[in-house]
There are 2 protein chains.
Amino acid sequence: MAEDKILDRLLPGRRAALKREILEHALACFNELGIEATTIDAVKTRCGTSVGAIYHHFGNKEGILSTLFFIAQDDQRAQLKAVLQKANTLQDAVYIMVRSYVDWVTDHPDWARFLFQARSAVAKGPHRQQLEERNVENYRDLKDRLFSLDRGPHEIIQSSELLPSLIIGPSENLCRAWLSGRIQVSPSEYRDQLAESAWRAIQRSQ
Amino acid sequence: MAEDKILDRLLPGRRAALKREILEHALACFNELGIEATTIDAVKTRCGTSVGAIYHHFGNKEGILSTLFFIAQDDQRAQLKAVLQKANTLQDAVYIMVRSYVDWVTDHPDWARFLFQARSAVAKGPHRQQLEERNVENYRDLKDRLFSLDRGPHEIIQSSELLPSLIIGPSENLCRAWLSGRIQVSPSEYRDQLAESAWRAIQRSQ
DNA sequence: TTTCGCAACAGAATAATATTCTGTTTATGG
DNA sequence: CCATAAACAGAATATTATTCTGTTGCGAAA
């Protein structure tokens, strides 16, 4: 399963076996019951461990939450960064970004669902500063990359704040709808349309 | 303040005074502390009332949450519906949708922030069915409206599932960034660019 | 190989929080 | 004015998060 692969990659080894178990089952609980409704006892029972073990590894409920959150975000960002290396033009980059985003969500729907749900909790919790730092770094990197690429003859939207929203916004919105069950057909079906549309969206009028 | 106006409009009269008070302060707590971190005791103290009163009016914490959520969603939808009446062409409608959305968020930032944060909690809680029903109704209405309008000579994206995401997705993404403090300049500054871009986004290639 | 030290775990005890319950007040229709 | 129910207060209870104390087992240093 895709979930296990993410955890195995970031927490390898036999030593971290229980830690992985806890994270895996906590993720499932958060997604099935909601973050506030999942109790420590529920994840304890679910992986047949003890509260002591959970608190030893994560400190508190928020610790589990933010660990999962940063793992997911790291994985998503790493994949984007890797494929974005190959882009030669801005148009390449836009297509790659959209496809990478849609692929990641459809490859890891449980992680993606969690990422959407947990963001606001992490943003308010004790790791908000860490989240903020990562965000500014990620967006700075992305902006630098986008502005370093060849734009060809095209007239592109100037604002660096607008650009990411125009490129990813529609895909994100559609993925949310899919993950919540509001729409049935997978966003991957719309991958190319989303990419083409994003490219049109960032052109300047006239 | 814009917040008070929304509550005054939907819960008028002297009888509902405390109910309004509780909602108003609960909204502030949820936004400042986060949903999970706000305790009943905190909102009790903040509006100088009793737990008895709170539970009398709302049943439980989730009751406060969903009441606030549906109030906000209703207000946003009502505004959209009202202005969307005036649209004569699809292009009109796209511009109106984007502007109405951005205006509502920038007019009611606290309500908008809450709407983003609370959605997943409501979607898992006891009112999930009510939320789902509203969503399908809203999206059905919107789809009907969009497909009833004159498209002029333009070739438009066919998928009715894709259309709303393409139109609102970028604005939503940008508004989230603004509400979370990641970007400083108000989305209203980008209102027209967002509208024009959305219109380009939904054209079909070639 | 033995032993020391510390991380990994278990589960009882405690603290914080949500919810219920019982009683009192207040408004309102008859 | 009275009856009635909603509106409210606060103590009591239940649920859940967190801490604390102790045990186990592994891995490194001797």
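Excluded from the calculations below are hydrogen atoms, water molecules and symmetry mates; all remaining heavy atoms, backbone and side chain alike, are included. Protein chains get the first letters and strands the later ones, always in sequence-line order, with residue 1 at the start of each. The model shown is predicted, which means the values in this text are computed figures rather than measured ones.
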Taking ring-ring contact (aromatic ring centres under 6.0 Å, His included) as the cut-off, I'd like each qualifying pair that reaches into residues 57-80 of chain B, sequence neighbours left out, listed once. none

Inter- and intrachain pairs under ring-ring contact (aromatic ring centres under 6.0 Å, His included), touching residues 168-202 of chain B, at least two apart: B/His154-B/Trp199

Identify, residue by residue, the members of residues 36-51 of chain A with a heavy atom below 4.0 Å from DNA chain C, and return them in order of residue number, or none. A/Thr49, A/Ser50, A/Val51

With A/Ser66, which residues qualify under side chain to side chain donor-acceptor pair (under 3.5 Å), at least two apart? A/His127

Only counting residues at least two apart or in another chain, list the ones meeting side chain to side chain donor-acceptor pair (under 3.5 Å) with A/Asp141. none

Roughly, in whole Å, what's the span from [atom1] in [X] to [atom2] in [N]?
X       : N      : atom1 : atom2 : value
B/Ile54 : D/dG10 : CD1   : C1'   : 12 Å
A/Phe58 : D/dA17 : CZ    : C1'   : 16 Å
A/Leu18 : D/dT24 : CG    : C1'   : 14 Å
B/Leu33 : C/dT17 : CG    : P     : 11 Å
B/His57 : D/dC8  : NE2   : C1'   : 8 Å
B/Arg20 : D/dA7  : CZ    : P     : 13 Å
A/Lys61 : D/dT15 : NZ    : P     : 16 Å
B/Asn60 : D/dT13 : CG    : C1'   : 17 Å

Pairs under 3.5 Å (N/O, protein and nucleotides 3-6 of chain D):
none

With [X] via side chain to side chain contact (heavy atoms under 4.5 Å, CB included) - residues at least two apart:
X        : answer
B/Ala53  : B/Leu18, B/Thr49, B/Ser50
A/Ser160 : A/Lys143, A/Phe147
B/Ala201 : A/Ser197, A/Ala201
B/Arg128 : none

Short N-O contact, A/Arg46 and A/Glu32, less than 4.0 angstrom: yes

Any salt bridge linking A/Lys86 with A/Asp92? Criterion: basic side-chain nitrogen under 4.0 Å from a carboxylate oxygen. no

Could you pull out all residues at least two apart from A/Phe30 that satisfy ring pair (Phe, Tyr, Trp, His ring centres under 6.0 Å)? A/Phe114

When the rotation axes relating C1' atoms of four end pairs to the next four are compared across the helix from C/dT1-D/dA30 to C/dG30-D/dC1, five pairs an end, they differ to 10° by 20°

